[in-house]
Amino acid sequence: MTWLIAFCAAFVFIFLKAFQQLNVMHKQYLLVLPTSMLMAACEVYVIATTARNGYGWIVLAIGLGSGLGAMASMWLHSRITK
């Protein structure tokens, strides 16, 4: 279960991080602050989960979640900001 939660948290964190980069690039000022607050919450959770469970195979779940989160963010941002 920890792996699934770590996967989801990493997915959301990197989704938001990529979304934030696209917000800055496209000057979407109103989206910057709320995205930053959500990023902070996810980042703290991912770090705490890794610290609690140790560095090991959980990296695989976090890495997969991160990659898929970045791709989903790119797709969604282009759909929202057309």
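Just so it is clear, the values below take in all heavy atoms, side chains as well, and ignore hydrogens, waters and symmetry mates. Owing to the predicted nature of the structure, the values given are computational and were not obtained by experimental measurement.
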Is [Y] reachable from [X] through a run of I, L, V, M, F, W or Y residues, each pair having side-chain heavy atoms under 4.5 Å apart?
X	Y	answer
Trp3	Tyr45	no
Leu16	Leu76	yes
Val24	Ile14	no
Phe11	Val59	no
Ile58	Leu60	no

Which pairs of donor and acceptor atoms, one on a side chain in residues 65-73, lie under 3.5 Å apart (sequence neighbours left out)?
from	atom 1	to	atom 2	distance (Å)
Ser66	OG	Ile62	O	2.7
Ser73	OG	Phe15	O	3.0
Ser73	OG	Phe19	N	2.9

Report the C-alpha separation of Met25 and Leu22 in whole Å, then their side-chain angles, then the decisive distance to 0.1 Å, and conclude whether the side chain to side chain contact (heavy atoms under 4.5 Å, CB included) test is met.
CA-CA 5 Å; Met25 188 172 81; Leu22 293 167; 3.8 Å; yes

Using residues 28-42 as the side-chain source, report each donor-acceptor pair under 3.5 Å to any protein atom, sequence neighbours left out, with the distance given to one decimal.
from	atom 1	to	atom 2	distance (Å)
Thr35	OG1	Leu31	O	2.6
Ser36	OG	Gln20	NE2	2.6
Ser36	OG	Val32	O	3.0

Could you tell me the separation between the CD atom of Gln21 and the NE2 atom of His26, rounded to the nearest 0.5 Å?
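Between atom CD of Gln21 and atom NE2 of His26 there are 11.0 Å.
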
Does atom CZ of Arg52 have more than 12 heavy-atom neighbours, drawn from other residues, nucleotides or ligands, at distances under 6.0 Å?
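Yes, the 6.0 Å shell around CZ holds more than 12 heavy atoms from other groups.
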
Report the residues that fulfil side chain to side chain contact (heavy atoms under 4.5 Å, CB included) with Glu43, sequence neighbours left out, ordered by chain and then residue number.
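For Glu43 the side chain to side chain contact (heavy atoms under 4.5 Å, CB included) partners, ignoring immediate neighbours, are Phe13, Ile47.
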
Would you say Thr49 and Ile5 make side-chain contact, with heavy atoms under 4.5 Å?
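A side-chain contact under 4.5 Å is absent here.
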
